[in-house]
Protein chains: 2
Amino acid sequence: MSVTARDVARVAGVSISTVSRALAKPDEVAPATRARVLDTARGMGYLPNPAARGLITGRTSTIGLIVPDLENPFFAAVTKGVQSRARAAGYCVIVADSDEDPSQEEDLARTMSKRVDGIVLCSPRAPDSVIAQLALECRLVLVNRACGDIPAVAINNLMGISQAMGHLLALGHRKIAYVGGPATSWSNTARLASLQVVAAEHPNLDLVDLGSFQPYVSGGIAAADLVIVSEATAVVAYNDLVAFGLLDRLRHRGFRVPDDISVVGIDNIPMSELTFPSLTSVGIPLVNCGRAGVDLLLGFVRDPSTPPTHHHDLSFRLVVRESTGPVRASPALHATA
Amino acid sequence: MSVTARDVARVAGVSISTVSRALAKPDEVAPATRARVLDTARGMGYLPNPAARGLITGRTSTIGLIVPDLENPFFAAVTKGVQSRARAAGYCVIVADSDEDPSQEEDLARTMSKRVDGIVLCSPRAPDSVIAQLALECRLVLVNRACGDIPAVAINNLMGISQAMGHLLALGHRKIAYVGGPATSWSNTARLASLQVVAAEHPNLDLVDLGSFQPYVSGGIAAADLVIVSEATAVVAYNDLVAFGLLDRLRHRGFRVPDDISVVGIDNIPMSELTFPSLTSVGIPLVNCGRAGVDLLLGFVRDPSTPPTHHHDLSFRLVVRESTGPVRASPALHATA
DNA sequence: TTGTATGCGTTATCAT
DNA sequence: ATGATAACGCATACAA
């Protein structure tokens, strides 16, 4: 079938173990023979069989990645970061999409656990108990989710949200609504908590929690009318997709953004500068989150004694665009809503 | 380390091969012992080691996927389709991102070739010679690219483009520009060719090829001014991202869409209905393309004698939105441009 | 029906 | 510095 170390050994006139050493431990073999082995190996197109190697070394040079939805720009960015970092470190990536179904996360992890050296679990929807159990069965690193002492890349939502709220407060907004994501979402909890921290620091700020919505455009569309009724002059959305839904529905309802209502998204996905009006959004260094996840994971793979450090020095930035503006002098519009 | 078939065998009081059979060939073992083995196996959390199994069977139950850019919505959709179909068939997916670099495609394919049963190569940028060589080294299925007799999922651009052109012609457009993608892109060649086929059928239609641009928003921004100068009343973009760039730049140049110029994208990515104006686009069933790629690949993996069938009965649909409208009676605007 | 023995391709251990 | 050999965990041909 394929060319093996045995073939190379025969052609090069050496033993099979010399072939193995010539590739893995170059300094344990004489320069002359090493050159000869390497040449014939390259000439024959020899590549070690990862399965055979993994069987004896116990390592696969492959890591796993589980995300809720590959088509979601948020996870696409993380995936890109994971893949690029893994490749740079000589690892392959097995990726799985749970389709936003918490119960699939467990199955997917178990299915791939034997094929990988560790798994990056991104924004898992499963309960803590399941995650903790999984961490016992395989090496695990969490991204955008905290759970016990499991190593994780935590997104510091407070930092970004503070920037966004500072921006809105400076524009004169005093009643701000939050359109939340899934109640089970760790990010949603963290974002809401961050908003409340900021609100606690500003007694004259009225924070209105409008509840949970689907984390897609449809969720924003569903929430828009509640925003209008709330009489808030600004709204922070769970993510950019939700913000797009708000933008769309608000326009169809005859509300102008930002003249009547300001809208802020979170994630700053590439599309956010292309909507009309373009979307003010809190940028999260997602690709770097993916990279950080791999770094954390490979730290354990290579040196299992590494303490479960939580990695979270990621830089945010608020990108102000057209969807936010100052509060109008007389917000009479709401009276008629 | 982990629980092996040996452990299960000892606990269940049978031989190691009975364990193997109980899981792989249920009817070659007595119902009683099978039940006992299966029970203890489940109780101990036994999962066969894929590396060991693959070493002897030669199959890995894993397929590879190589795309130019995971963050591009086009490829994200294909990836989603590949992953979902593979999982349904009991396969894992190793995914790699070539970062739009043709030379990386070759490396990535070779790196993963020994770990997978076959590779889905999506929209490769590499020359035919490289692809052909790769097809000799591993089982390959192409998506959105044709190359010799290599099995491929071809996107029938003509079908979708005909619909789009029919739409524009019906609106009265007679001078239509095309903002192309990379010259080396197979889709770009196919799309331009399709446009020319349609043009040949309509002698009174003036098709203007504006040349090649980056397949991103930046490309559309770069092309917008050329569109204006061309005096075309409608423009077809290589893809939706390019169309977004056109929309953005045209607006900043003071042109109204669709009043002054109609814009049509290709791909119909989710964001297209959220721009302003929303984008008329030719929808390509990308997720299905990914699925079809996997079907084609697994066909060969399971039965190598399958003839290299080209699979291309995918359904398109033109989604008409706000960015296209009838030609104005007196297109005076262009005179001043 | 079940157990025994061999081999997949590689790395690791030991001997030379 | 190099070669022979065992072992990794499993599937399979063959024996019982």
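Lettering follows sequence order; numbering is per chain, from 1.
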Could you tell me whether [X] and [Y] have a side-chain N and a carboxylate O separated by less than 4.0 Å?
| X | Y | value |
| --- | --- | --- |
| A:Lys80 | B:Asp99 | yes |
| A:Arg145 | A:Asp128 | yes |
| A:Arg110 | A:Asp107 | no |
| A:Arg10 | A:Asp7 | yes |

Rounded to the nearest angstrom, tell me the gap between atom [atom1] in [X] and atom [atom2] in [N].
| X | N | atom1 | atom2 | result |
| --- | --- | --- | --- | --- |
| B:Glu28 | C:dT2 | CD | P | 11 Å |
| A:Arg6 | D:dA4 | CZ | P | 12 Å |
| B:Leu55 | D:dA7 | CG | P | 17 Å |
| A:Asp7 | C:dG9 | CG | P | 9 Å |
| A:Arg59 | C:dG9 | CZ | P | 21 Å |

So which of residues 30-50 of chain B are in contact with DNA chain C, with a heavy-atom cut-off of under 4.0 Å? B:Ala30, B:Thr33
Which residue is it: A:Leu65, A:Ile94, A:Val301? I am looking for the one with a side-chain contact (heavy atoms from CB on, under 4.5 Å) to A:Val116. A:Ile94
Using heavy atoms to find the nearest nucleotide of DNA chain C for B:Val14 and B:Ala52 separately, return the residue whose nucleotide is more 5′. B:Val14
Below 4.0 angstrom from OP1 or OP2 of [N], is there any side-chain N or O of [X]?
| X | N | answer |
| --- | --- | --- |
| B:Thr4 | D:dG9 | no |
| B:Arg53 | D:dA11 | yes |
| A:Thr18 | D:dG3 | yes |

Rounded distance (nearest 0.5 Å) linking atom CG of A:Asn288 with atom CD1 of A:Ile155: 11.0 Å
Could you tell me whether B:Val19 contacts a base, only the sugar-phosphate backbone, or nothing, with contacts defined as non-hydrogen atoms closer than 4.0 Å? nothing
Using five pairs at each end of the helix from C:dT1-D:dA16 to C:dT16-D:dA1 to define an axis, what is the angle between those two axes, to 10°? 40°
Can you list the residues that meet the salt bridge (Lys or Arg N to Asp or Glu O under 4.0 Å) rule with B:Arg6, with sequence neighbours excluded? none
Mind checking salt bridge (Lys or Arg N to Asp or Glu O under 4.0 Å) for A:Arg87 and listing every partner two or more places apart, or none if nothing turns up? none
With sequence neighbours excluded, residues passing side chain to side chain donor-acceptor pair (under 3.5 Å) with B:Ser15: B:Ser17, B:Thr18
Please check if any side-chain donor atom of A:Arg291 sits under 3.5 Å from a side-chain acceptor atom of A:Ser84, or the reverse. yes
Modelled atom types, side-chain donor and acceptor of B:Ser98 and B:Arg125, under 3.5 Å: no
When you compare the protein's N or O atoms with those of nucleotides 12-16 of chain C, which come within less than 3.5 Å of each other, and at what distance?
from   : atom 1 : to      : atom 2 : distance (Å)
C:dA12 : OP2    : A:Lys25 : NZ     : 3.4

